[in-house]
J.: 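Dropping a structure here in C-alpha cells format, bear with me for questions.
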Amino acid sequence: MSENSTINNNDFIREIIKEDLAAQTYKTVITRFPPEPNGYLHIGHAKSICINFGLAAEFGGRCHLRFDDTNPEKEEQEFIDSIKDNIRWLGFDWKEHEYFASSYFEQLFEFAVKLVKKGCAYVDDQSAEEIRKSRGTLTEPGKASPYRSRSIEENLNLFIRMRAGDFKDGEKTLRAKIDMTSPNLNMRDPVMYRIMHRTHHQTKDQWCIYPMYDFTHGQSDALENISHSICTLEFEDHRPLYDWFIKELGIHHPRQIEFARLNLTFTVMSKRKLLKLVQEKHVNGWNDPRLPTISGLRRRGYTPCSIRDFCIRIGIAKANSTVDVALLEHCLREDLNKNAQRMMAVINPVKLVVDNYPVDRHEEFQAENNPENPAAGSRPVIFSRTLYIERDDFMEHPAKGFFRLFPGGEVRLKYAWYIKCTGIIKDPSSGEITEIHCTYDPATRGGWSTDGRKVKGTLHWLSAAHAQSAEFRMYDRLFTAINPEAGDKEFTEYLNPRSLEIKKGFIEPVLASAAPLQRFQFLRTGYFCTDTDSSRANPVFNRITGLKDTWAKIMAKNE
RNA sequence: UGGGGCGUGGCCAAGCGGUAAGGCAACGGGUUUUGGUCCCGUCAUUCGCAGGUUCGAAUCCUGCCGCCCCAGCCA
C-alpha cells in the first residue's frame, strides 16, 4: 500500500466511535462482518470487511465474523467456505470469533417467547397474500389482523406448536405487535418467524420454524456485545424495529451506523445479477476473472493490498455513489509497479531476423527484474538471430509520431542491440507480414551506443528458438456500458463481447514453471498472472490490467 | 400525497461560521534502455436552487428542486 494514499481517518463513522469512546457509551469497539452464505463475496463486501476489521484494529477492539444464516432455502456450505477463504485472502483474521446466527436459534426462540408473554407478539393465521394486503401502502395505514388480539396463552401454545411441527409451511407466522398504522412499514407488525420444513446447513433438521433476518440480526449483535453495528443505507428504516426488539427484550444495545454501499462503473454488484451471470454461463463460474467477486479478482491477479488500498481511498459516506473502476486499476498498478517482477512476453508475435547475426550464435544479456527495486536483481535472457517481437511494434507505413520499428528505422532491442529494419517479407496471398528483416549494430552491445546516437524506441523481444509458447487470456471489462443496470434493456444486453480474447504467443522459458497466481509485469504490455489452469506444458496467463498506454491514446484521438 | 436518507469539479471525497484539502480521470511539460514508473504544472470566484440571519455562510434558518431506499413468510 502506498504511503501517499489519502487515508481519511476522519470519516463520520470514526467520528461517532471516537465520541462514543470518549463518552464511555461503549468501552471496547466490537464490530462484525455479517454475510449471509447465499453467494460469493464481491468488492462491495470488501469495503464492508475493510471498514469493520479496520475499525476494530484501529481502536484496539475486535471484529466478529458472523454468518446471518436464517434462510436455509438459499444458503449453502460452499458459500460459507468461500467467504472465509476470501476474508483470509484479503488479509483479515477473526480469530476465534466465528459465529452463526443459527447457533442462536434457541436463544432467539426464548426471546420470542418472552415477547409473546409480554403481549408483544402474536401468532397470525393469515396467508402471505393476506398479510401483504393488510399491510397497507406507502400512503395508507395497514389493517389489524383478525388474529391480532389472541390471548397470550393461545399465542404461546400456538407458537410452541409451530416449533413442534404441527403446522404446514406458511400456515402461521409469529408477528411482532407494534403499530399497523406506522408510517415506517417495518413497524407494521413484522413477521418474526415463518414455518419452513427445511433442512438447515448448520442445524440440520432441528428446526421447522426460522426467524426472519429482522428478528435475528439485532439480537445477534446484542448477544455478541457488538458496540458498533455497521451496515448499509437500506437498513436505516429497520433501525427503529431493531431498537424496539432490544428495548422490549432489555438487552445490550449496539449502535447501528449506516453507510452507502459501493458501486463500480462498468460492472454489476448485486448478488442476484452476479448469480444470473454465473447461472446463465455468461462467465465461467463465481471466480471468473471478469467478475467483481473477491474470488474473481483474485484469479484475475489483483493483490489483496491493492483492494484494501482502494477501500481506504474511496472513503466512507452516506451519499450514493459510483466509483470509477479506473481508481481500482490505479491502486492495482501502483502495487504491481512496485512489486511485480518484469518479464518479456510476446503476445502477438511476428518473426524478426537479424541478417548480420551468425546463424549458430546465441548469447545472454542480463535483464533487470524490477527497475523500482534494484534488490530484485537480474536474470539472463538469450538472444539469437531469429526473434519474435510484437506485431504492433512494427508499421510498414508508420503513423505520425510512431517511433517503433519501420522500414529504414532504428530501434533498441531492450538489453541487447540497436537494430535497423532492412526489409519485410509478406505472405503473397494474404498480404500479412511474415518476417521482418534487420541488421544489428555490433557497437551497441547491451543497447548502448557510444557515438551519442539516440533511438527513441525500445522493444521487448524473445529468441524464437528458446521461447516457450503460452496462452494469454486478455481480459477486458465485462460490460460496455458505464452502468449496465441503467439502460432500458436487461443488463446482460450490455455484456462486452470482447471481454475475453485468447492469444497464443511466447514467454521466457522460466515462466512455464511459475506458480499459480504469480504476478508479473510483461514489459510494455501489462500485468499478468499465471492462471490456475496453467501447466508447464501449457502455460496460461491472465492479463490483470494493461500498462497505461499513451500511444494507444494518441492513436485513438487521431481517429 | 407517507416514512427514512442524500445532494461540494468528469468520478470519489475533506470541510463542523473565517473566506473550497486530497485522490482518480483529463490536459500540458520534463526525465527515462518499458510510449511504463517518476517529477513539475493546469483543472470549483464556487458548494442542487432561491431567499434569510451574520462583519463574514458550503457550513445556521426557511422554502423549493432533484436523486436513492421502504409495501418478502429475502437478507
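Letters A, B, ... mirror the listed sequences (proteins, then strands); counts begin at 1. Just so it is clear, the model here is predicted, and its values are computed rather than measured.
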J.: Report yes if a side-chain nitrogen or oxygen of A:Lys557 is closer than 4.0 Å to either non-bridging phosphate oxygen (OP1 or OP2) of B:C27; otherwise report no.
T.: yes
J.: Any N or O donor-acceptor pair linking the side chain of A:Glu372 to the base of B:G36 at under 3.5 Å?
T.: yes
J.: Heavy atoms under 4.0 Å, any strand shown: does A:Arg188 hit a base, just sugar-phosphate, or nothing?
T.: nothing
J.: Which part of the nucleic acid, if any, lies within contact of A:Glu129, taking any heavy atom under 4.0 Å across all strands shown: a base, the sugar-phosphate backbone alone, or nothing?
T.: nothing
J.: OP1, OP2 of B:A75 versus side-chain N and O of A:Asn38: anything below 4.0 Å?
T.: no
J.: For a quick check of understanding: with a heavy-atom distance under 4.0 Å over all strands, which category does A:Gly401 fall into, base, sugar-phosphate or nothing?
T.: base
J.: Can you tell which of B:G35, B:C73, B:G15 lies closest to the side chain of A:Ile131?
T.: B:C73
J.: Would A:Gln256 and A:Ser229 count as having a side-chain donor-acceptor pair, cut-off 3.5 Å?
T.: no
J.: If you compare every side-chain N and O of A:Ser321 against the phosphate oxygens of B:A13 (OP1, OP2), does one of them come in below 4.0 Å?
T.: yes
J.: Would you indicate what A:Thr525 reaches in the nucleic acid, counting non-hydrogen atoms under 4.0 angstrom: base, sugar-phosphate, or nothing?
T.: nothing
J.: Using the side-chain heavy atoms of A:Asp237, tell me which of these nucleotides is nearest: B:C73, B:G3, B:A25.
T.: B:G3
J.: Starting at atom CG of A:Asn320, determine the distance to atom P of B:G66, rounded to an integer number of angstrom.
T.: 17 Å
J.: At 4.0 Å (heavy atoms only), tell me whether A:Thr265 reaches a base, stays on the sugar-phosphate, or touches nothing.
T.: nothing
J.: Not counting sequence neighbours, list each pair that qualifies as a side-chain hydrogen bond (donor to acceptor under 3.5 Å, both in side chains) and has a residue in residues 545-555 of chain A.
T.: A:Arg333-A:Thr545
J.: Taking only the P atom of each, what is the distance from B:U8 to B:G15 in whole angstrom?
T.: 15 Å
J.: Does the distance from a Lys or Arg side-chain N to an Asp or Glu carboxylate O, for A:Lys456 and A:Glu410, drop under 4.0 Å?
T.: no
J.: Identify whether any heavy atom of A:Arg412 sits under 4.0 Å from a base atom; if not, whether one sits that close to sugar-phosphate; answer base, sugar-phosphate or nothing.
T.: base
J.: Quick check on RNA chain B: between A:Asp124 and A:Ala326, whose nearest nucleotide comes earlier from the 5' end?
T.: A:Ala326
J.: Quiz question: going by heavy-atom distance under 3.5 Å, is there a donor-acceptor pair between the base of B:G36 and the side chain of A:Arg333?
T.: no
J.: Are OP1 or OP2 of B:G36 and a side-chain N or O of A:Thr550 less than 4.0 angstrom apart?
T.: yes
J.: Consider the side chain of A:Thr458, meaning its heavy atoms from C-beta on, and name the nucleotide among B:U37, B:C6, B:U34 that approaches it most closely.
T.: B:U34
J.: Which of the following nucleotides, B:G35, B:C6, B:C12, is nearest to the side chain of A:Trp551?
T.: B:G35
J.: Tell me if B:G72 is syn or anti. Syn = glycosidic torsion within 90° of 0, anti otherwise.
T.: syn
J.: Measuring from the side chain of A:Arg524 (C-beta onward, heavy atoms only), which nucleotide among B:G35, B:G36, B:A75 has the closest atom?
T.: B:G35
J.: Salt bridge check, A:Asp68 against A:Arg66: does any charged N sit closer than 4.0 Å to a carboxylate O?
T.: yes
J.: Please determine if A:Glu363 and A:Arg445 form a salt bridge, counting it only when a charged side-chain N lies under 4.0 Å from a carboxylate O.
T.: yes
J.: Could you tell me whether A:Phe403 contacts a base, only the sugar-phosphate backbone, or nothing, with contacts defined as non-hydrogen atoms closer than 4.0 Å?
T.: base
J.: Just call it for A:Lys318: base, sugar-phosphate, or nothing, with non-hydrogen atoms closer than 4.0 Å on any strand.
T.: sugar-phosphate
J.: On the side chain of A:Glu15, is there an atom forming a donor-acceptor pair with the base of B:C16 - under 3.5 Å, no angle test?
T.: yes
J.: Using the C1' atom on both, measure B:U19 against B:G7 and round to a whole Å.
T.: 22 Å
J.: Could you tell me which nucleotide pairs with B:A20 by Watson-Crick or G-U wobble geometry, both distances under 3.5 Å, or answer none if nothing does?
T.: none
J.: Ignoring the backbone of A:Asp549, work out which of B:G2, B:C24, B:G35 is nearest its side chain.
T.: B:G35
J.: For the C1' atoms, the ones on B:C49 and on B:A57, what distance do you get once it is rounded to whole angstrom?
T.: 16 Å
J.: I want to verify a distance call: between B:C27, B:C73, B:G36, whose nearest atom is closest to the A:Lys553 side chain?
T.: B:C27
J.: Mind checking if A:Met196 touches a base, just sugar-phosphate, or nothing, with heavy atoms under 4.0 Å?
T.: nothing
J.: Classify the nucleic acid contact of A:Ala317 as base, sugar-phosphate or nothing, counting any heavy atom under 4.0 Å across all strands shown.
T.: sugar-phosphate
J.: Students often get this wrong, so: under 4.0 angstrom with heavy atoms, is A:Asn337 touching a base, only sugar-phosphate, or nothing?
T.: base
J.: Would you tell me if any nitrogen or oxygen in the side chain of A:His330 comes within less than 4.0 Å of OP1 or OP2 on B:C24?
T.: yes
J.: Of all the nucleotides listed (B:A13, B:G35, B:A71), which has the minimum atom distance to the side chain of A:Phe402?
T.: B:G35
J.: What distance, rounded to whole Å, do you find between the two P atoms, one in B:G4 and one in B:G9?
T.: 27 Å
J.: Taking the minimum atom-to-atom distance to the side chain of A:His238, which one of B:A71, B:A75, B:U34 wins?
T.: B:A75
J.: When rounded to the nearest Å, what value does the distance between C1' atoms of B:U54 and B:A71 take?
T.: 46 Å
J.: Output the single nucleotide from B:G36, B:C11, B:C73 whose closest atom is nearest the side chain of A:Asp324.
T.: B:C11
J.: How long is the line joining CG of A:Asp69 and C1' of B:C74, in whole Å?
T.: 14 Å
J.: Which residues satisfy the ring-ring contact (aromatic ring centres under 6.0 Å, His included) test with A:His45, sequence neighbours excluded?
T.: A:His42
J.: Output yes when A:Asp335 and A:Arg519 qualify as a salt bridge under the 4.0 Å nitrogen-oxygen rule, no when they do not.
T.: no
J.: Under 6.0 Å between ring centres: does that hold for A:Phe67 and A:Phe100?
T.: yes
J.: Does B:A75 have its OP1 or OP2 closer than 4.0 Å to a side-chain nitrogen or oxygen of A:Thr70?
T.: yes
J.: Under a 3.5 Å threshold, yes or no: a donor from one side chain and an acceptor from the other, between A:Asn373 and A:Lys338?
T.: no
J.: Between A:Glu236 and A:Lys318, is there a side-chain N and carboxylate O pair less than 4.0 Å apart?
T.: yes
J.: Using both distances under 3.5 Å as the test, list the Watson-Crick or G-U wobble partner of B:C49, or none.
T.: B:G63
J.: Look at all strands and tell whether A:Leu523 reaches a base, only sugar-phosphate, or nothing, counting heavy atoms closer than 4.0 Å.
T.: base
J.: Below 4.0 angstrom from OP1 or OP2 of B:C73, is there any side-chain N or O of A:Arg135?
T.: yes
J.: Check every strand shown and say whether A:Tyr193 touches a base, only sugar-phosphate, or nothing at a heavy-atom separation below 4.0 Å.
T.: nothing
J.: With P as the reference atom in both, quote the distance from B:G66 to B:C60 in angstrom, rounded to an integer.
T.: 23 Å
J.: Looking at B:U42, which nucleotide sits across from it as a Watson-Crick or G-U wobble partner, both distances under 3.5 angstrom, or is there none?
T.: B:A26
J.: Map A:Lys548 and A:Leu138 onto RNA chain B by nearest heavy atom, then report which one ends up closer to the 5' terminus.
T.: A:Leu138
J.: Name the nucleic acid region contacted by A:Leu327, choosing base, sugar-phosphate or nothing; use a 4.0 angstrom heavy-atom cut-off, strictly under.
T.: sugar-phosphate
J.: Using atom P in both nucleotides, what's the gap between B:C70 and B:G10 to the nearest angstrom?
T.: 29 Å
J.: If the P atom of B:G41 is compared with that of B:G18, how far apart are they to the nearest Å?
T.: 28 Å
